[in-house]
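Every chain is numbered from 1, with letters handed out A, B, ... down the list of sequences.
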Protein chains: 2
Amino acid sequence: MTAPRTPTRNRRAEILQAAAELFAARGFHGVSIEDIGSAVGVSGPAIYRHFSGKEALLSEILLDISERLREQGARLVTEPDAPAGSAYARAALDALLRGHIDFALANPALIRVHERELDNMPEPDRRRVRRLQRLYVEEWVTVLSELYPDCPPARLRAATHAVFGLLNSTPRSAGELPPEAMAPLLHGMAVASLAVLT
Amino acid sequence: MTAPRTPTRNRRAEILQAAAELFAARGFHGVSIEDIGSAVGVSGPAIYRHFSGKEALLSEILLDISERLREQGARLVTEPDAPAGSAYARAALDALLRGHIDFALANPALIRVHERELDNMPEPDRRRVRRLQRLYVEEWVTVLSELYPDCPPARLRAATHAVFGLLNSTPRSAGELPPEAMAPLLHGMAVASLAVLT
DNA sequence: CGGCGATGTTAGTCATCATTAACCGGCTCG
DNA sequence: CGAGCCGGTTAATGATGACTAACATCGCCG
């Protein structure tokens, strides 16, 4: 059996997930390596067999989140040969919304970490995450500028951040509503709020 | 001159403000007492002449924010003898929105701290802050239930959290738009997003 | 004047942590 | 079989950082 192979892979993933949840709950500096270790049943320095340090954990978590969001966005927006029509743009916005909402509802802890811990990341990786975030925002802005051509980009960007705030409220309204009810609510609210950009 | 009186009052306020800004920028655990001291020109343990400890600083900051929001909300909603009509409710919602938006635009750092640092507060005060937050949310829910009587409370609460997320996006979209443009944009987006509750 | 309360200062003290060292069992592969 | 890596373990080690002690200044009030 590939006993050593698979378990190793699992350990890494387990650690990342546990770390993400702990960071979400108590913040990067509020969590010790020992905490992370015992969350996965090993103790303390065992973490260093899988990651070079605490910051490396955060880097990997944040890069993964940013890449997932950006890549998802890029896939949805760039895939067809983009007739650049208003109808196409509406569908693209819909896809962006759906993707972001699904992610936020499925991973409230990751959303929280993504929103709060950028500053605690080591410089080179922080820049990469910021770049990915910027690209993701620009995808939204591109789609929105198709739908609201008279709206200045700064306004579109501000509105995009506002919509992200709305969608990323999932960690705070956890449990109020089941996801099946939450998703359409957020979708509807987002679309309606963007309609004021006309 | 009242040299000792006024300076003291100022020091306290100075410290609170500096601490709030530092907490907003680097997180509670990312800031040392020494940092806070030097931000106001004294060094380190001088802080203990004004506050009993680091947590006391956070407590005072968060309690102040929560109280300001709640009190502002209560004032606007409870003041007249509440004819309980839809027109009155619309005005109340408007007032709540205006109050929250003004606060968020004037104090992005405080909004950030309020959103991120609840967990780092000592237990008894944390409960008080949570209570104030709950009361504030319930004020919104009360007004909204007047406007959308067929909407179940859980849905109203979820929508309220979503709107808070939208309004509290100010720290992230800082600088995109001047406040004079930001305020009506957020107001419009919030009102429009809530209209889906019908 | 003399003392005292409010504010600071600098030098500990004590915990907490990230990270490293030194050591070990077991699985695989030659 | 046996060498070696993989993943763990438990003890340092070294910083950092909250908080306390002991001592200084200074303006006011008696």
Side-chain angles (χ1 to χ4, degrees), chain A residues 1-20 22-23 25-62 113 117 119-126, chain B residues 1-23 25-62 113 117 119-123 125-126:
Chain A
M1 252 220 275
T2 39
R5 271 290 160 277
T6 316
T8 293
R9 282 266 177 288
N10 287 347
R11 249 315 128 81
R12 254 188 85 83
E14 257 183 292
I15 292 172
L16 282 172
Q17 176 158 348
L22 287 169
F23 290 163
R26 310 211 294 268
F28 182 71
H29 293 291
V31 175
S32 74
I33 288 282
E34 176 64 36
D35 290 337
I36 298 170
S38 42
V40 300
V42 305
S43 246
I47 302 294
Y48 291 90
R49 298 293 170 197
H50 301 276
F51 298 92
S52 70
K54 201 182 167 190
E55 288 188 330
L57 277 171
L58 185 61
S59 282
E60 196 157 326
I61 292 168
L62 282 180
V113 175
E117 309 292 357
D119 323 317
N120 297 118
M121 242 197 330
E123 235 335 313
D125 294 314
R126 174 160 30 172
Chain B
M1 254 218 275
T2 38
R5 270 291 159 275
T6 317
T8 294
R9 283 266 177 289
N10 287 346
R11 251 312 130 79
R12 255 188 85 83
E14 258 183 293
I15 293 172
L16 282 172
Q17 175 157 347
E21 248 136 54
L22 288 169
F23 290 162
R26 310 212 294 267
F28 181 71
H29 293 291
V31 175
S32 74
I33 288 283
E34 177 63 36
D35 291 337
I36 298 170
S38 42
V40 300
V42 304
S43 246
I47 302 294
Y48 291 92
R49 297 295 171 195
H50 301 276
F51 299 92
S52 71
K54 202 183 168 190
E55 288 188 330
L57 277 171
L58 185 61
S59 283
E60 197 157 327
I61 291 169
L62 282 180
V113 175
E117 309 293 356
D119 322 317
N120 298 119
M121 242 196 331
E123 235 332 314
D125 294 316
R126 173 160 30 175

Q | salt bridge (charged side-chain N to carboxylate O under 4.0 Å, His left out) partners for A/R26, two or more places apart | A | A/D35
Distance (rounded to the nearest 0.5 Å) between [X] [atom1] and [Y] [atom2]:
X	Y	atom1	atom2	value
B/H29	B/E117	NE2	CD	7.5 Å
B/I61	B/L16	CD1	CG	5.5 Å
A/I33	A/S38	CD1	OG	11.0 Å

Q.
Can you build the contact string for nucleotides 16-22 of chain C? Use B for base contact, S for sugar-phosphate-only contact, and - for no protein heavy atom under 4.0 Å.
A. --SBB-B
Q.
Tell me the interatomic distance from A/N10, atom CG, to D/dC6, atom C1', rounded to whole angstroms.
A. 15 Å
Q) In whole Å, what is the span from the CD1 atom of A/I15 to the P atom of D/dC6? A) 15 Å
Q: Apply ring-ring contact (aromatic ring centres under 6.0 Å, His included) to A/F28 and list each qualifying residue two or more places apart in sequence or on a separate chain.
A: A/F23
